Trainee: 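Structure below; questions to follow.
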Amino acid sequence: MKSISKSFMTLMAVAMMLSCERCSGEAPYNGARPASEPVSALKEAPFPFGAAVTPALLYDNAQYATVVKRELNSLTGENAMKMDMISKGYGLYDWTGGDRVAQFARDNGMRIHGHTLVWYRSLPNWWMDNFSGDRDAWIALLTTYITDVVTHFKAQGVTSWDVVNEAFEDDGSWRHCVWYDNIGQDYMDIAFQTAHAADPDALLFYNDYGMEYSAAKRVAICNEMKAMLGRGIPIDGIGLQMHVNVNTPKYDMVAALDAAAELNLKIHISELDVAVNDINRPDPTLTFTDELKEKQKTAYKSMVEAYRALPSDLQFGITLWGVHDAQAWLAPNPDWPLPFDKDFNKKLAYDGIIEALERK
Ligand code: G3I
């Protein structure tokens with residue numbers, strides 16, 4: 001039998017490794033990049049690097065799709081997998097948007113993170129307007145929805161979920177919402193148990209904002225995570241949204257991430273952006289000056305440096321809340337929160353991330 005050259009065997013082995021990583025959606029980075037090589041894309045991070053995306057832009061905007069494929073290896077639907085987008089009646093669902101995001105992720109070897117099963121916002125009108133019932137009826141509504149959605153998207157390749165989003169107020173109290181008011185505080189336990197029953201392999205996250213600026217919220221969330229773990233509730237990770245701004249000190253970022261690390265849960269910076277304008281009292285005349293561009297670069301660099309300081313086994317990844325400034329949720333105000341500008345050009349913010357990724 002003609003001997004097969006060693007180089008051919010090596011080539012085949014590399015091809016199999018790459019194809020396997022693509023099919024698993026795992027970050028292609030495997031530590032093989034020589035330290036001397038410059039980082040040429042966000043997805044070369046030593047953890048998955050993603051963004052919140054919309055199906056329309058993925059399929060109808062070639063520049064957007066090009067940047068997503070070149071830079072990212074994890075996707076979150078910005079809105080496509082929310083209850084108001086999916087639930088159209090009791091047991092009636094429109095999977096279109098979520099399926100398109102999941103399809104794009106599968107076609108491009110990317111991880112797909114589900115956002116979000118239970119939230120106080122984005123509630124479908126069909127039952128907000130006329131659903132009523134006792135606690136058991138609300139529990140049935142919640143568990144039926146979670147079971148149907150997690151079951152559907154498991155088959156679409158979703159491997160992790162924001163199960164509950166934003167259950168706490170900034171002062172550390174439980175947020176009053178339809179779930180808390182009609183089921184009680186244990187709606188969170190029920191949601192995680194139901195999601196786990198529907199997909200035992202999925203990584204299940206609690207997701208919230210403000211752990212970097214409110215110590216009361218940070219303590220309340222971490223105490224509840226510990227209590228849930230103590231009750232044997234299946235929770236695997238915590239999402240820190242990190243909607244920060246150009247004035248957010250690095251020590252606030254570190255305080256939030258260190259508090260999360262004590263839980264020994266996977267840590268997802270799940271909605272990263274760096275606002276330039278004041279989101280509570282926006283200045284309608286604000287312009288994106290060179291000074292603000294440098295401050296934004298520093299904030300992004302600090303955040304990625306703080307994240308890289310975490311134990312690597314806790315690093316679930318970083319997800320930007322959007323790809324480019326024109327898509328940003330803050331867009332109604334003059335703001336430029338993302339690493340790519342409205343024309344998909346890399347900003348100094350992008351350079352800040354790369355510098356933090358290159359730092360050994
Ligand atoms: O799809 C409808 C469209 O048919 C309609 O014409 C239009 C005007 O009413 O509304 C469209 O839905 C909007 C949706 O975004 C899609 O664009 C909703 O009104 C709007 O409320 C929704 O805003 C999203 C918001 O969550 C509420 O779901 C933002 O894009 C999204 O960036 C924001 O993301 C949240 C995270 O999920 C949780 N963390 C905070 C973050 C920022 O608020």
Side-chain angles (χ1 to χ4, degrees), residues 82-84 115-123 128 135 138 142 161-192 204-231 233 235-283 299 302-303 306-307 310 319 321 329-330 332-333 335 337:
K82 287 176 180 173
M83 195 178 269
D84 60 341
H115 174 82
T116 179
L117 295 173
V118 185
W119 193 20
Y120 73 94
R121 289 178 61 185
S122 298
L123 300 171
M128 285 313 294
R135 181 174 183 269
W138 277 94
L142 179 64
W161 281 99
D162 291 335
V163 175
V164 173
N165 190 44
E166 303 174 7
F168 287 90
E169 299 286 0
D170 283 358
D171 65 3
S173 62
W174 280 84
R175 184 189 301 273
H176 280 264
C177 64
V178 290
W179 311 113
Y180 184 92
D181 295 339
N182 289 289
I183 295 173
Q185 189 172 306
D186 58 343
Y187 83 89
M188 185 120 96
D189 287 5
I190 293 167
F192 276 86
L204 305 179
F205 285 75
Y206 174 74
N207 191 55
D208 214 330
Y209 61 86
M211 282 180 65
E212 72 284 359
Y213 66 71
S214 165
K217 187 166 192 174
R218 184 163 64 234
V219 168
I221 290 172
C222 290
N223 284 346
E224 181 58 22
M225 298 299 105
K226 289 173 195 166
M228 289 172 74
L229 289 165
R231 294 193 294 269
I233 301 302
I235 179 167
D236 305 287
I238 183 169
L240 285 72
Q241 294 180 11
M242 292 296 197
H243 291 290
V244 297
N245 61 68
V246 291
N247 298 311
T248 301
K250 184 172 184 178
Y251 57 75
D252 281 0
M253 302 171 186
V254 171
L257 291 168
D258 283 356
E262 285 178 21
L263 301 168
N264 201 32
L265 292 171
K266 295 286 183 189
I267 299 170
H268 184 199
I269 292 183
S270 55
E271 307 185 11
L272 178 59
D273 48 26
V274 179
V276 179
N277 213 331
D278 181 328
I279 67 172
N280 297 313
R281 291 176 301 282
D283 173 358
S302 296
M303 184 68 76
Y307 191 73
L310 292 171
T319 298
W321 203 244
W329 65 288
L330 295 163
N333 304 320
D335 216 326

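This is a predicted model, so every value here is computed, not measured.
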Trainee: Rounded to the nearest 0.5 Å, what separation is found between the CD1 atom of Ile279 and the CG atom of Leu330?
Mentor: 6.0 Å

Trainee: Should Glu224 and Tyr206 count as side-chain neighbours, where that means a heavy-atom distance under 4.5 Å?
Mentor: no

Trainee: Check this for me, if you would: do Asp186 and Arg135 make a salt bridge, where the nitrogen-to-carboxylate-oxygen distance has to be below 4.0 angstrom?
Mentor: yes

Trainee: Per the side-chain contact (heavy atoms from CB on, under 4.5 Å) rule, which among Leu204, Leu229, Leu263 passes with Ile235?
Mentor: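 Answer after filtering Leu204, Leu229, Leu263: Leu229.
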
Trainee: Tyr120 and Trp179: aromatic ring centres closer than 6.0 Å?
Mentor: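 Aromatic pair excluded; centres sit 6.0 Å or further apart.
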
Trainee: Side chain to side chain contact (heavy atoms under 4.5 Å, CB included), that's the test. Do Trp321 and Leu272 meet it? Break it down for me.
Mentor: CA-CA 5 Å; Trp321 203 244; Leu272 178 59; over 6 Å; no

Trainee: Using side-chain heavy atoms (C-beta onward) and a distance below 4.5 Å, is Leu142 in contact with Val118?
Mentor: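 SC-SC contact between Leu142 and Val118 confirmed.
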
Trainee: Out of curiosity, Asn165 CG to Glu271 CD, how far, rounded to the nearest 0.5 Å?
Mentor: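 One finds 6.0 Å between CG of Asn165 and CD of Glu271.
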
Trainee: Quick one: are Glu169 and Trp174 in side-chain contact, heavy atoms under 4.5 Å?
Mentor: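 The answer is no, as the side chains (C-beta and beyond) never meet within the 4.5 Å cut-off.
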
Trainee: Are side-chain heavy atoms of Gln241 and Ser270 found at a separation under 4.5 Å?
Mentor: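 The answer is yes; the side chains approach within 4.5 Å.
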
Trainee: Do the side chains of Leu257 and Met242 get nearer than 4.5 Å, heavy atoms only?
Mentor: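 Touching, per the 4.5 Å side-chain cut-off.
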
Trainee: Taking Asp162's backbone N and O only, do any of them form a donor-acceptor pair with Thr116's side chain (distance below 3.5 Å, no angle check)?
Mentor: yes

Trainee: Check the pair Val178 / Trp138 against side chain to side chain contact (heavy atoms under 4.5 Å, CB included), numbers first and verdict last.
Mentor: CA-CA 9 Å; Val178 290; Trp138 277 94; 4.0 Å; yes

Trainee: So how far is it from Arg121 CZ to Asp84 CG, rounded to the nearest 0.5 Å?
Mentor: 9.5 Å

Trainee: Do you know which two heavy atoms are closest between Met188 and Ala167, and how far apart they sit?
Mentor: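 Scanning both residues, the minimum pair turns out to be SD-CB, 4.3 Å.
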
Trainee: Can you confirm whether the side chains of Asp170 and Ser214 place a donor and an acceptor under 3.5 Å from each other?
Mentor: no

Trainee: For Asn277 and Asp283, indicate whether the former's side chain and the latter's backbone hold a donor-acceptor pair under 3.5 Å.
Mentor: yes

Trainee: Is a donor on one side and an acceptor on the other found under 3.5 Å between the side chain of Asn333 and the backbone of Asp335?
Mentor: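 Checked: no pair found.
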
Trainee: Got Ile238 and Met211 here, is their nearest side-chain heavy-atom distance under 4.5 Å?
Mentor: yes

Trainee: Salt bridge check: are Lys217 and Glu166 linked by an N-O gap of less than 4.0 Å?
Mentor: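 Salt bridge absent between Lys217 and Glu166.
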
Trainee: Under 3.5 Å, side chain of Asp252 to main-chain N/O of Thr248, donor-acceptor pair present?
Mentor: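 No.
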
Trainee: For Tyr209 and Arg175, which heavy atoms make the closest approach, and how far apart are they?
Mentor: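 Of all heavy-atom pairs spanning Tyr209 and Arg175, the closest is OH-NH2, 3.1 Å.
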
Trainee: Under 4.5 Å between any side-chain heavy atoms of Phe192 and Val164, yes or no?
Mentor: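 They are in contact (side-chain heavy atoms under 4.5 Å apart), so the answer is yes.
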
Trainee: How far apart are the closest heavy atoms of Ile183 and Ile190, and which atoms are they?
Mentor: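 The answer is CG2-CD1, 4.0 Å.
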
Trainee: Are His243 and Trp329 an aromatic pair by the rule of ring centers under 6.0 Å?
Mentor: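 Yes - the distance between ring centres of His243 and Trp329 falls below the 6.0 Å cut-off.
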
Trainee: Contact between His268 and Leu240 at the side-chain level, heavy atoms closer than 4.5 Å - yes or no?
Mentor: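 No, their side chains stay 4.5 Å or more apart.
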
Trainee: Distance check, rounded to the nearest 0.5 Å: Tyr213 atom OH versus Asn247 atom CG?
Mentor: 15.0 Å

Trainee: Could you report the tightest heavy-atom contact between Ala299 and Met253, atom names first, then the distance?
Mentor: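 In terms of heavy atoms, the two residues are closest at O-CE, 3.6 Å.
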
Trainee: To the closest 0.5 Å, what do you measure between CG (Asn223) and NZ (Lys226)?
Mentor: 5.5 Å

Trainee: Can you tell me how far apart CH2 (Trp161) and CG (Asn207) are? Round to the nearest 0.5 Å.
Mentor: 12.5 Å

